[in-house]
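Structure first, commentary second.
First listed ligand is number 1; within each ligand, the first listed atom is number 1. In this text the structure is predicted, and so the values were computed from the model without any measurement.
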Amino acid sequence: MRVKFSKMHGLGNDFVMLDGITQRIKLSPEKIRRLADRHLGVGCDQVLLVESPRNPDADFRYRIFNADGGEVENCGNGARCFARFVRERRLTGKKQLLVETAAGMLELNMLDNDQVSVDMGAPILEPEQIPFAADRRAETYPLDVDGEVFTIGAVSMGNPHAVLLVDDVDSAPVHTIGPKIESHERFPQRVNVGFLQIESRDRARLRVFERGVGETRACGTGACAAMVSARLRDLVDDSVEIELPGGTLTIHWSGPGQPVTMTGPATTVYHGQIIL
Ligand SMILES: N[C@H](CCC[C@H](N)C(=O)O)C(=O)O
């Protein structure tokens with residue numbers, strides 16, 4: 001089956017975007033893995049499939065698949081790319097979109113400066129909803145990783161995140177500790193692992209070892225989760241510039257029960273066709 005796609009990225013976190021509205025697309029984990037393969041397919045961190053909404057109040061629905069073929073609940077950089085994608089494919093002329101995802105409804109705003117602002121919903125902090133095995137909710141938790149105990153924050157943005165504070169992201173153990181925490185038994189759905197260096201009350205640096213992918217150049221939900229965890233520990237204020245390897249996101253959160261807003265760019269690289 002020949003399928004049109006757009007290759008896009010949000011600060012280097014890259015996507016294959018599929019229009020499942022004007023095309024009949026049937027995906028499988030194996031097809032996702034091949035699409036995401038940087039030698040056998042197009043190559044990307046995630047695949048996003050745009051569909052007609054089920055909820056009559058929504059403009060669209062989209063589904064997110066990690067490079068390992070697994071479907072996930074939310075993708076912040078993908079949300080911004082989605083907003084650009086549906087306008088470029090003339091599926092809508094609207095600048096404000098309500099989109100249905102597995103994590104719930106997201107509100108997206110195309111800004112005049114070409115950036116996209118996304119209401120990512122309120123963070124989920126109850127351990128059993130993250131899901132994370134803990135006997136009570138706390139700002140931080142001890143986590144034993146092969147005998148070494150780390151202090152983590154645990155936050156869901158619809159998808160699960162563990163957040164570790166480090167003195168220097170450049171020397172953080174992203175590729176050694178990241179995979180061990182990603183598949184840690186206390187995270188039954190696995191977890192995205194953020195390594196956060198606080199620079200001031202409104203600036204921080206972050207690297208993320210993503211569930212189902214590995215380290216990415218940026219992670220939108222990871223930036224939201226890291227800011228929330230730092231705010232809960234009173235290390236930052238309500239608005240923070242999060243600098244990731246691929247660039248900077250602006251995250252705003254005014255406290256528990258309130259939505260997290262993420263603002264940043266979305267870039268189209270090329271359009272193509274692939275035999276699926
Ligand atoms: N790897 C994530 C999904 C993609 C999130 C990330 N690319 C973002 O921008 O939020 C997960 O398994 O939950």
Side-chain angles (χ1 to χ4, degrees), residues 7-18 29 32-33 35-36 43-49 62-85 99 101-104 106 108 115-121 123-124 129-132 153-163 174 178-179 181-184 187-196 206-229 242-251 253 259-267:
K7 184 70 180 16
M8 300 184 74
H9 71 86
L11 300 179
N13 178 201
D14 66 338
F15 309 102
V16 167
M17 309 293 295
L18 299 172
I32 301 275
R33 284 191 289 271
L35 256 177
C44 63
D45 293 329
Q46 280 91 25
V47 174
L48 267 74
L49 175 62
Y62 71 69
R63 300 169 68 189
I64 307 136
F65 303 88
N66 279 328
D68 70 356
E71 182 164 5
V72 293
E73 310 86 348
N74 205 358
C75 179
N77 290 318
R80 300 196 315 276
C81 288
F82 155 80
R84 174 173 297 287
F85 175 67
V99 65
T101 71
L106 298 183
L108 298 87
Q115 300 235 320
V116 184
S117 177
V118 185
D119 173 340
M120 297 290 288
I124 298 161
Q129 294 172 29
I130 290 175
F132 172 55
V155 177
S156 168
M157 293 304 301
N159 59 342
H161 290 268
V163 181
V174 176
I181 295 180
E182 184 219 12
S183 56
H184 197 284
F187 289 98
Q189 308 279 328
R190 296 184 294 159
V191 69
N192 300 283
V193 189
F195 297 81
L196 180 67
L206 177 68
R207 288 172 68 187
V208 182
F209 188 93
E210 282 200 34
R211 176 178 62 170
V213 183
E215 182 175 11
T216 56
R217 291 180 54 73
C219 181
T221 53
C224 295
M227 185 273 180
V228 166
S229 183
I242 303 274
E243 183 193 335
L244 297 122
T248 300
L249 291 172
T250 303
I251 311 295
W253 183 55
V260 182
T261 306
M262 168 198 62
T263 303
T267 308

Checking [X] side chain against [Y] main chain: does a donor-acceptor pair fall under 3.5 Å?
| X | Y | answer |
| --- | --- | --- |
| Arg80 | Gly264 | yes |
| Arg84 | Val116 | no |
| Asp119 | Leu106 | no |
| Asp14 | Asp45 | yes |
| Arg207 | Phe195 | no |

Quick one, list the residues around ligand 1 where some non-hydrogen atom comes in under 4.0 Å, by chain and residue number.
->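 Its neighbours under 4.0 Å (heavy atoms only) are Asn13, Gln46, Asn66, Val72, Asn74, Cys75, Gly76, Asn77, Asn159, Asn192, Glu210, Arg211, Cys219, Gly220, Thr221, given by chain and number.
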Sole candidate of Glu182, Glu215, Gln46 that passes side chain to side chain contact (heavy atoms under 4.5 Å, CB included) when paired with Glu210 =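 Among the candidates, only Gln46 passes.
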